[in-house]
Amino acid sequence: KDTGQWLCHYHADIKQAYLRRLKVEERLNMALNEQSLSMAYQCQVNEQGKIHAMEALIRWQDGELGMVSPAEFIAIAEQSDLIFKIGDFVLARSIGEFAKMHQHSDTPLELAINISVMQFQSSVFIPTLLHSLETHNVTAQSIILEITESLFMDNLEHVIDTIKSLKSRGIRFSMDDFGTGYSSLSYLREYPFDVLKIDRSFIAGITDNKADCNLVKAAIAMSHSLEIKVVAEGVETKEQLDLLNELNCDIAQGFYLSKPLPAAKLLNFSLRYLKAL
Ligand code: C2E
Ligand code: MG
Ligand code: MG
């Protein structure tokens with residue numbers, strides 16, 4: 001009987017997850033047509049306290065489902081060709097808005113864009129990206145593509161060719177969520193990463209947990225010896241920021257510095273931020 005009950009719950013859970021997936025997929029299709037997706041930008045701040053770059057993060061406020069997290073809907077979109085439409089939207093919108101923000105900034109800014117595995121592997125990815133840059137008159141040198149190590153799991157030759165081709169044009173690469181998954185050091189040795197982003201699960205523990213602190217310290221030392229810059233994700237307190245500075249971390253990003261904001265608000269914020277320094 002216990003097993004039967006357990007199976008019942010199990011089936012109910014699976015059914016619920018399945019229905020949710022279908023719903024998200026259906027509403028996401030509509031969102032793309034209705035253009036109810038938007039982008040938010042989160043500042044990355046360097047050791048001098050200056051905004052050095054921002055990360056573009058997609059936002060979806062749905063009429064029926066409310067705010068849906070990209071962690072949920074990107075994974076669902078990746079199971080169909082929806083991910084290509086979303087990827088195109090992200091490139092066009094974030095590069096367009098970045099061009100405007102850049103015009104209003106008195107210091108050079110960089111834009112970090114998250115690229116999903118399927119989007120990266122698509123044959124139209126490079127031309128679409130270059131087209132967006134050209135349309136908005138943005139240089140390749142201001143773009144950093146955030147990819148995760150899951151990219152190296154299959155279709156490796158094509159992935160490497162794409163990285164090389166983009167690198168030769170001046171586009172840089174960042175390894176996102178470092179420390180989760182396998183985090184094989186060989187990726188860092190074999191592929192020309194410019195930036196390593198330490199996952200926020202490590203940053204959360206650095207001020208209380210010696211092991212987390214030592215791991216972050218080691219990741220920074222290793223990256224620097226490979227001439228890779230380090231971004232700490234998810235910095236939520238002043239203590240974390242101070243410790244990261246002490247550990248020679250190059251760049252910090254997190255709620256303590258700024259939440260992700262729409263382009264118009266960020267413009268205001270960054271001007272205020274710079275004046276406050
Ligand atoms: P990610 O690329 O690692 O992005 C960082 C996530 O951490 C963002 O969540 C951001 O809002 C959140 N975050 C930043 N600072 C803090 C902090 O101090 N504390 C905490 N608790 N969280 C913080 P978000 O926007 O929900 O995005 C989740 C993930 O969804 C992203 O992780 C990325 O993998 C994916 N994603 C977001 N936007 C896009 C996009 O435009 N394209 C693709 N392909 N994926 C995206
Ligand atoms: Mg990212
Ligand atoms: Mg990350």
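FYI, side chains are in, hydrogens and waters are out, and symmetry mates aren't considered; it's all heavy atoms of this structure. Count residues from 1 along the sequence. Model, not experiment: these values are computed from the prediction. For ligands, and for the atoms within them, numbers begin at 1 and follow the listed sequence.
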Open item on the list: Below 4.0 Å, non-hydrogen atoms only: which portion of T148 touches ligand 1? Side chain, backbone, both or neither.
Closed with: neither
Task: Members besides V195 in its Ile/Leu/Val/Met/Phe/Trp/Tyr cluster (side-chain heavy atoms under 4.5 Å) - done: V231, I251
Open item on the list: Suppose we measure from atom 16 (C) of ligand 1 to each protein heavy atom; which comes out shortest, and what is that distance?
Closed with: F255 CE2, 3.3 Å
Open item on the list: Please classify the V235 to ligand 1 contact at 4.0 Å (heavy-atom distances, strictly less than): side chain, backbone, both or neither.
Closed with: backbone
Task: Under-4.0 Å protein heavy-atom contact, atom 9 (O) of ligand 1 - done: no
Open item on the list: Who clusters with F255? Use side-chain heavy atoms, under 4.5 angstrom, across I, L, V, M, F, W and Y, and order the result by chain and number.
Closed with: none
Task: L244 side chain reached by I203 side chain, heavy atoms, under 4.5 Å - done: yes
TODO: Have a look at ligand 1 and work out which part of P260, if any, has a heavy atom under 4.0 Å from it: side chain, backbone, both or neither.
DONE: side chain
Task: Beyond-backbone contact of E97 with L111, side-chain heavy atoms, under 4.5 angstrom - done: no
- [ ] Could you find the nearest protein heavy atom to atom 15 (N) of ligand 1 and give me its residue, atom name and distance?
- [x] Q42 NE2, 3.1 Å
Open item on the list: Tell me the contacting part of I58 for ligand 1: side chain, backbone, both, or neither, using a 4.0 Å heavy-atom threshold, strictly below.
Closed with: both
Task: With sequence neighbours excluded, residues passing salt bridge (charged side-chain N to carboxylate O under 4.0 Å, His left out) with R169 - done: none
Open item on the list: Any heavy atom of K259 closer to ligand 1 than 4.0 angstrom?
Closed with: no
- [ ] Classify the side-chain pair E239/T207 by whether it contains a donor and acceptor separated by less than 3.5 Å.
- [x] no
TODO: Give the residue and atom name of whichever protein heavy atom lies nearest to atom 31 (C) of ligand 1, and the separation in Å to one decimal.
DONE: L57 CD2, 4.4 Å
Task: Element-labelled atoms of ligand 1 that are located less than 4.0 Å from some non-hydrogen atom of D177 - done: 3 (O)
TODO: Indicate, as side chain, backbone, both or neither, the part of R200 found under 4.0 angstrom from ligand 1 when only non-hydrogen atoms are considered.
DONE: side chain
Open item on the list: So if I apply the salt bridge (charged side-chain N to carboxylate O under 4.0 Å, His left out) rule between E25 and each of R21, R27, K23, which one comes out positive?
Closed with: R21
Task: E233 and F178, any side-chain heavy atoms less than 4.5 Å apart - done: no
Task: Distance from atom 45 (N) of ligand 1 to nearest protein heavy atom, with residue and atom - done: N114 CB, 3.7 Å
Task: Listed protein N/O/S atoms, distance to the Mg ion (ligand 2) under 2.8 Å - done: E55 OE2, N114 OD1, E146 OE1, D176 OD2
- [ ] Decide whether E55 and Q42 meet the rule of one side-chain donor and one side-chain acceptor closer than 3.5 Å.
- [x] no
TODO: Could you see which bit of K197 sits under 4.0 Å from ligand 1, with heavy atoms only: side chain, backbone, both or neither?
DONE: neither
Open item on the list: Considering non-hydrogen atoms of the protein only, which is the closest contact for atom 1 (P) of ligand 1, and what is the distance?
Closed with: D176 OD2, 3.8 Å
Open item on the list: Below 4.0 Å, non-hydrogen atoms only: which portion of Q253 touches ligand 1? Side chain, backbone, both or neither.
Closed with: neither
Open item on the list: Checking a contact table here: which protein heavy atom is nearest atom 36 (N) of ligand 1, and how many Å away?
Closed with: P70 CB, 3.9 Å
TODO: Taking atom 34 (O) of ligand 1 as the reference point, report whether a protein heavy atom occurs under 4.0 Å from it.
DONE: no
Open item on the list: Please list the nearest protein heavy atom to atom 21 (N) of ligand 1 with its residue and the distance rounded to 0.1 Å.
Closed with: E236 OE2, 3.1 Å
